[in-house]
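Basis for what follows: all heavy atoms, side chains included, without hydrogens, waters or symmetry-related copies. Residue numbers start at 1 and run along the sequence shown. Since the structure is predicted, the reported quantities are computational estimates derived from the model, not experimental observations.
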Amino acid sequence: MTDPFVLTLACPERPGIVHSVSSVLVELGCDITEHQQFDDPLSGRVFLRTSFQPLAPLTEEGFAEHFGETARAFGMSWRLHDMSVRPRLLVMVSKFDHCLSDLLYRWRSGSLGAELALVVSNHDTLRPMADAAGVRFEHVPITKDTKPAAEARLLDLVEEHRIDLVVLARYMQVLSDGLCKRLEGRAINIHHSFLPSFAGARPYHQAYERGVKLVGATAHYVTPDLDEGPIIEQEVIRVDHRRSPEDLVAVGRDAERLALARAVTWHCQNRVLLNGNRTVIFN
């Protein structure tokens with residue numbers, strides 16, 4: 001048996017798509033192990049994720065040669081993913097450690113489905129955590145005056161370490177529009193779902209004063225529109241009047257960890273397809 005592959009695609013909806021895709025895979029001697037699709041009635045497009053196991057050696061070039069005619073006939077945008085290659089992650093942090101700690105644990109346990117290659121921070125606070133895990137730590141301080149140079153350094157690190165996905169794990173700096181565009185589709189952020197209702201400082205304390213009953217977090221792709229990128233995952237936890245502001249902070253951090261971990265894992269498993277400002281999640 002050879003290494004598994006995943007095919008993801010999107011195209012205008014019309015009859016014969018699944019039959020044509022599966023026919024190519026059969027011709028190539030592939031065993032389909034998982035198939036999911038979504039027909040979006042709003043956009044009139046179909047989204048598809050098919051996992052398959054080639055029974056003979058298969059290259060991306062060889063697959064493209066066989067699949068090209070079908071893709072052109074249906075107007076498909078598609079990608080083939082070699083699942084034996086683990087995506088490489090760069091995690092950006094500031095001083096909060098809960099999301100980084102969770103990602104490091106999942107990476108070391110093998111459940112993240114990615115290689116955590118590098119931690120970058122505008123503070124030195126979390127260097128010991130990265131060092132203890134055996135992950136390289138880069139301190140890239142940033143001020144208003146040094147922001148262009150700091151972002152240029154980040155892009156250098158992305159290229160140097162062959163990074164596939166940048167994860168903002170409570171990185172408390174706003175990325176420039178230019179950097180967001182450079183990282184489009186390959187940068188994920190996590191924030192508390194109180195935004196924009198409780199924007200600014202101490203959002204959990206603001207929420208406490210309003211007597212909220214739900215605490216949540218949202219993982220989304222990074223775009224120039226602050227905290228408005230396509231949503232990948234959300235986690236919600238119910239609370240009540242007995243919770244103190246400090247309790248809400250703790251609950252909120254749990255929600256942030258869970259939502260971010262799922263979003264990163266699904267992205268690395270090629271289960272997330274962009275659909276305009278929305279996402280299709282094949283989980």
Do Arg88 and Glu115 sit within salt-bridge range, that is, some charged N less than 4.0 Å from a carboxylate O? no
Does Asp97 offer a backbone N or O that forms a donor-acceptor pair with the side chain of Ser101 under 3.5 Å? no
Determine whether the side chains of Ser176 and Glu151 contain a donor N or O and an acceptor N or O closer than 3.5 Å. yes
Looking at Glu184, I want to see if its CD is surrounded by more than 12 non-hydrogen atoms of other residues, nucleotides or ligands under 6.0 Å. no
Closest heavy-atom pair and its distance - Cys11, Gly75: CB-O, 3.7 Å
If we only count heavy atoms from C-beta on, is the Gln234 to His220 side-chain gap below 4.5 Å? no
Below 4.0 angstrom, N of the basic side chain to O of the carboxylate: do Glu256 and Arg170 qualify? yes
Checking side-chain contact (heavy atoms from CB on, under 4.5 Å) between Ile188 and each of Val166, Leu168, Val272, Leu260, which is the one that passes? Leu260
Using every non-hydrogen atom in the two residues, find where Pro54 and Cys30 come nearest and quote the distance to one decimal. CA-SG, 4.0 Å
Around Arg136, counting heavy atoms of other residues, nucleotides and ligands shown, do more than 12 lie under 6.0 Å from its CZ? yes
Is there a donor-acceptor pair under 3.5 Å between the side chain of Asp254 and the backbone N or O of Val251? no
Run the numbers on Gln36 and Leu48 for side-chain contact (heavy atoms from CB on, under 4.5 Å), then give the verdict. CA-CA 6 Å; Gln36 293 174 286; Leu48 181 150; over 6 Å; no
Is Thr146 reaching over with its side chain to a backbone N or O of Ala149, donor-acceptor style, under 3.5 angstrom? no
Phe63 versus Leu25: any side-chain heavy-atom pair under 4.5 Å? yes
Say whether, by atom type as modelled, one donor and one acceptor occur between the side chain of Ser193 and the main chain of Ala217 under 3.5 angstrom. yes
State which residues pass salt bridge (Lys or Arg N to Asp or Glu O under 4.0 Å) with Arg153; sequence neighbours excluded, sorted by chain then number. Glu138
Ion pair check, Arg257 and Glu235, cut-off under 4.0 Å: no
Of the non-hydrogen atoms in Pro230 and Thr223, which two are nearest, and what is the gap between them? CD-CG2, 3.8 Å
Counting only heavy atoms not in Arg108, do more than 12 fall under 6.0 Å of its CZ? yes
Residues Asp40 and Arg278 bridged, charged N to O under 4.0 Å: yes
If we ignore angles and hydrogens, is there a donor and acceptor under 3.5 Å between the side chains of His81 and Thr8? yes
Looking at every non-hydrogen atom in both residues, tell me the closest pair between Ile190 and Ala169 and how far apart they are. CG2-CA, 4.2 Å
Could you go through the side-chain contact (heavy atoms from CB on, under 4.5 Å) check for Val91 and Leu116 one step at a time? CA-CA 8 Å; Val91 179; Leu116 208 163; 4.0 Å; yes
Does any N or O in the side chain of Arg186 come within less than 3.5 Å of the main-chain N or O of Leu165, such that one atom is a donor and the other an acceptor? no
Is it true that Thr50 and His35 share a donor-acceptor pair across their side chains at a distance under 3.5 Å? yes
Let me check something: do Leu258 and Ile281 share a hydrophobic cluster, defined by ILVMFWY side-chain heavy atoms less than 4.5 Å apart, either directly or through other members? no
Flag if over 12 foreign heavy atoms under 6.0 Å of CG, Asp124: yes
Looking only at side chains, do Thr143 and Asp145 share a donor and an acceptor under 3.5 Å apart? no
Neighbour count above 12 (heavy atom, 6.0 Å) for His139 NE2: yes
I'd like to know if the side chain of Thr125 reaches the main chain of Lys95, judged simply by a donor and an acceptor atom lying under 3.5 Å from each other, with no hydrogens or angles considered. no
What verdict does the side-chain contact (heavy atoms from CB on, under 4.5 Å) test give for Phe5 and Met83, after you've listed the backbone C-alpha separation in whole Å, the side-chain angles of each residue and the deciding distance to 0.1 Å? CA-CA 5 Å; Phe5 286 84; Met83 298 305 289; 5.7 Å; no
Please write out which residues are connected to Val174 in a hydrophobic cluster, directly or through intermediates, given that two of Ile, Leu, Val, Met, Phe, Trp, Tyr count as joined at side-chain heavy-atom separations below 4.5 angstrom. Leu226
Supply the atom-to-atom distance Asp164 CG to Leu89 CG, rounded to the nearest 0.5 angstrom. 8.0 Å
Phe38 and Ile232: same hydrophobic cluster, using ILVMFWY side-chain contacts below 4.5 Å? no
Expected output: side-chain Arg253 to main-chain His98 donor-acceptor under 3.5 Å: no
Salt bridge between Lys181 and Asp177, side-chain N to carboxylate O under 4.0 Å? no
Heavy-atom donor-acceptor pair, Ser94 side chain to Tyr171 backbone, under 3.5 Å: no
Is it the case that atom CD in Glu159 sees more than 12 heavy atoms from other parts of the structure closer than 6.0 Å? no
Contact check, side chains of Leu126 and Phe96, non-hydrogen atoms, under 4.5 Å: no
In Val119, Leu154, Val167, the residue satisfying side-chain contact (heavy atoms from CB on, under 4.5 Å) with Met92 is Leu154
Of all heavy-atom pairs linking Arg271 and Asn283, the shortest is CD-CA, 4.2 Å
Which pair of heavy atoms, one from Ser77 and one from Arg45, lies closest together, and at what distance? OG-NH2, 4.0 Å
Quick check: are there more than 12 heavy atoms from other residues, nucleotides or ligands sitting under 6.0 Å from CD of Glu13? yes
Could you tell me whether Arg14 sits above the aromatic face of Phe74, with NZ or CZ closer than 6.0 angstrom to the six-membered ring centre and within 45 degrees of the axis? yes
Regarding Thr70 and Ser20, is there a side-chain donor-to-acceptor distance under 3.5 Å anywhere? no
Trp78 and Phe67 aromatic ring geometry - parallel, tilted or perpendicular at 30°/60° bounds: perpendicular
Those residues that, when tested against Asp225, pass salt bridge (Lys or Arg N to Asp or Glu O under 4.0 Å) (two or more places apart): none
If you take the centroid of each ring, where Trp contributes its six-membered ring, are Tyr221 and His267 closer together than 6.0 Å? yes
